Amino acid sequence: TPLDSIALDLMKRPGMSVVRYQGDQVEYRAKDGVMIIIGTKGSRAIVEREPTSLVADTIEFAERTDSVRARGDTIVMHDPARGDDVLALGRLAYDLARREGSATDVSSATKSGDTWYVEAHRAAFTGADSSANRENMFFGADGTITSCTDSVPHFHFSARELKRVSNDMVVARNVVLHIQGVPVFWLPFIFQDARSGRRSGILTPRFGFTELVRNSPLYRRTIENVGYYFALSDYADFAAGMDWRSSANASDQDPGWTRWNTEFRYRWLDRFASGRLGASVHSLSSGSSN
């Protein structure tokens with residue numbers, strides 16, 4: 001609810017930390033220093049300690065430990081340092097001083113080019129703290145990751161364990177890809193760089209499932225694009241990589257080979273010019289090269 005002139009005047013006093021409460025019923029236990037705020041459907045329970053606010057059906061605020069516990073069908077925690085809200089179903093516990101918490105059935109989001117939605121049956125999270133050189137982090141168990149905005153996503157990854165660090169990265173292990181709810185592929189882990197703009201990093205290798213588990217003793221493995229990408233600036237980049245084909249069961253028409261590739265790209269804005277310069281060395285198992 002809007003503040004009146006007295007509350008505004010109190011909040012402006014120097015050297016004071018402000019905690020605001022709102023609810024339909026309030027119970028205060030002086031012996032324990034615990035305040036219980038109970039809301040209704042029309043007026044939910046709210047605790048706000050700048051800059052963090054928590055909305056739930058019932059909230060227990062312990063003054064001595066500076067911590068809150070919330071219960072309800074839908075719990076929302078807003079912390080500007082996190083950059084996104086945490087939505088929980090059931091229960092949530094949060095230490096306002098340490099900015100650490102845990103919850104059940106949690107959902108959150110992180111933005112890069114797309115918005116990646118992260119959900120977990122059980123989760124723990126921390127807020128960013130510049131004084132402690134700590135980023136905000138999200139740890140989840142039995143969760144899902146997707147960038148589809150539909151209520152029933154067209155695809156998602158289910159993960160036994162997952163982690164999100166600020167808006168920098170999302171990583172998970174023991175992952176299954178689901179398309180239209182059907183599990184189609186298992187991966188030992190996935191990694192998504194959630195930072196905006198171009199970044200240096202490992203190139204995405206190209207290989208098939210049969211490169212890992214051969215379906216025939218005559219099958220010859222082939223792996224491409226193993227290398228690194230360098231974002232030199234907004235107007236120039238450089239990539240170096242390797243392609244490889246096994247020389248097992250090689251023939252004159254199809255010998256095994258190793259190919260090294262490099263490419264430099266540039267965009268010269270003042271001259272309205274752009275281009276690329278590349279070099280490749282292709283060494284065949286027969287002894288010849290190009």
Side-chain angles (χ1 to χ4, degrees), residues 110 112-114 116 145-148 153-165 168-180 182-268 273-290:
T110 184
S112 55
D114 297 319
W116 288 87
I145 304 170
T146 183
S147 61
C148 182
H154 296 107
F155 80 96
H156 71 273
F157 296 95
S158 63
R160 185 66 57 84
E161 294 178 313
L162 57 91
K163 175 182 177 181
R164 194 203 70 189
V165 180
D168 291 342
M169 69 172 181
V170 178
V171 64
R173 64 182 179 182
N174 199 354
V175 179
V176 177
L177 170 63
H178 298 253
I179 297 179
Q180 295 287 5
V182 179
V184 297
F185 199 74
W186 174 85
L187 295 166
F189 71 93
I190 60 170
F191 172 84
Q192 173 66 34
D193 190 335
R195 295 174 295 180
S196 60
R198 298 196 306 167
R199 303 281 178 171
S200 299
I202 298 172
L203 296 174
T204 304
R206 293 192 296 269
F207 59 90
F209 185 73
T210 45
E211 265 66 54
L212 303 176
V213 181
R214 291 198 300 176
N215 56 10
S216 167
L218 300 178
Y219 182 81
R220 298 172 60 191
R221 292 183 170 95
T222 303
I223 302 175
E224 299 178 324
N225 206 42
V226 178
Y228 202 83
Y229 170 81
F230 299 89
L232 304 178
S233 71
D234 289 339
Y235 312 105
D237 58 28
F238 177 79
M242 179 192 74
D243 305 331
W244 172 83
R245 181 167 174 80
S246 172
S247 59
N249 302 312
S251 63
D252 293 338
Q253 294 76 25
D254 186 12
W257 45 261
T258 301
R259 180 168 53 221
W260 299 91
N261 306 303
T262 60
E263 183 181 44
F264 172 76
R265 300 186 302 176
Y266 67 90
R267 184 178 296 275
W268 195 354
S274 63
R276 61 181 64 194
L277 177 67
S280 175
V281 178
H282 194 183
S283 301
L284 283 68
S285 62
S286 59
S288 62
S289 63
N290 303 308

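What you see below is based on every heavy atom in this structure, not just the backbone, and it leaves out hydrogens, waters and symmetry mates. As the structure is a prediction and not an experimental result, all values here were calculated from the model.
- Of the inter-residue distances, the one linking W186 atom CH2 with S158 atom OG reads 12.0 Å to the nearest 0.5 angstrom.
- Between P205 and V226 the shortest heavy-atom distance is CB-CG2, 4.2 Å.
- R245 contributes no side-chain N or O that, together with a main-chain N or O of E224, makes up a donor-acceptor pair within less than 3.5 Å.
- By the ring pair (Phe, Tyr, Trp, His ring centres under 6.0 Å) test, F230 is found to be paired with Y228, residues two or more places apart in sequence or in another chain being considered.
- Considering CD of E161 and CZ of F189, their distance stands at 14.5 Å, rounded to 0.5 Å.
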Worked check of side-chain contact (heavy atoms from CB on, under 4.5 Å) between I190 and I145: CA-CA 10 Å; I190 60 170; I145 304 170; 4.2 Å; yes
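- In this structure S288 satisfies the side-chain contact (heavy atoms from CB on, under 4.5 Å) test together with L284, S286, sequence neighbours excluded.
- With a 6.0 Å radius and a threshold of 12 heavy atoms from other residues, nucleotides or ligands, R173 has its CZ atom at or below the threshold.
- Atom NE2 of residue H282 and atom CZ of residue R259 lie 5.0 Å apart, to the nearest 0.5 angstrom.
- T258 OG1 to I223 CD1: the interatomic distance, rounded to the nearest 0.5 Å, is 11.0 Å.
- Within the model, atoms CZ of F264 and CZ of R276 stand 12.0 Å from one another, a figure rounded to the nearest 0.5 Å.
- T146 places a side-chain N or O within 3.5 Å of a backbone atom of F155 that can act as its donor or acceptor partner.
- Ionic pairing of E211 and R221 is not present here: no N-O contact between side-chain nitrogen and carboxylate oxygen is shorter than 4.0 angstrom.
- Between the CH2 atom in W260 and the OG atom in S280 there is a gap of 11.5 Å [rounded to 0.5 Å].
- In plain terms, the two heavy atoms of A231 and D237 that are nearest each other are CA-CB, 4.3 Å.
- Scored by the side-chain contact (heavy atoms from CB on, under 4.5 Å) test, A279 finds T262 as partners (sequence neighbours excluded).
- Counting non-hydrogen atoms of neighbouring residues, nucleotides and ligands closer than 6.0 angstrom, the CD1 atom of I202 reaches no more than 12 such neighbours.
- Listed here is the closest heavy atom pair of V176 and P183: CG1-CB, 3.7 Å.
- For R160, the CZ atom counts as loosely surrounded, since its 6.0 Å shell holds 12 or fewer non-hydrogen atoms of other residues, nucleotides or ligands.
- Counting non-hydrogen atoms of neighbouring residues, nucleotides and ligands closer than 6.0 angstrom, the CZ atom of R267 reaches no more than 12 such neighbours.
- For the pair Y219 and N249, the minimum side-chain heavy-atom distance is 4.5 Å or more.
- Between N261 and D243 the shortest side-chain heavy-atom distance falls below 4.5 Å.
- Taking the side chain as every heavy atom from C-beta outward, Q180 and H154 approach each other to under 4.5 Å.
- Judged by distance alone, with hydrogens and angles left aside, the side-chain atoms of S247 form no donor-acceptor pair with the main-chain N or O of A250 at under 3.5 Å.
- Between R220 and G256, the shortest heavy-atom distance links the atoms NH2-N, 3.2 Å.
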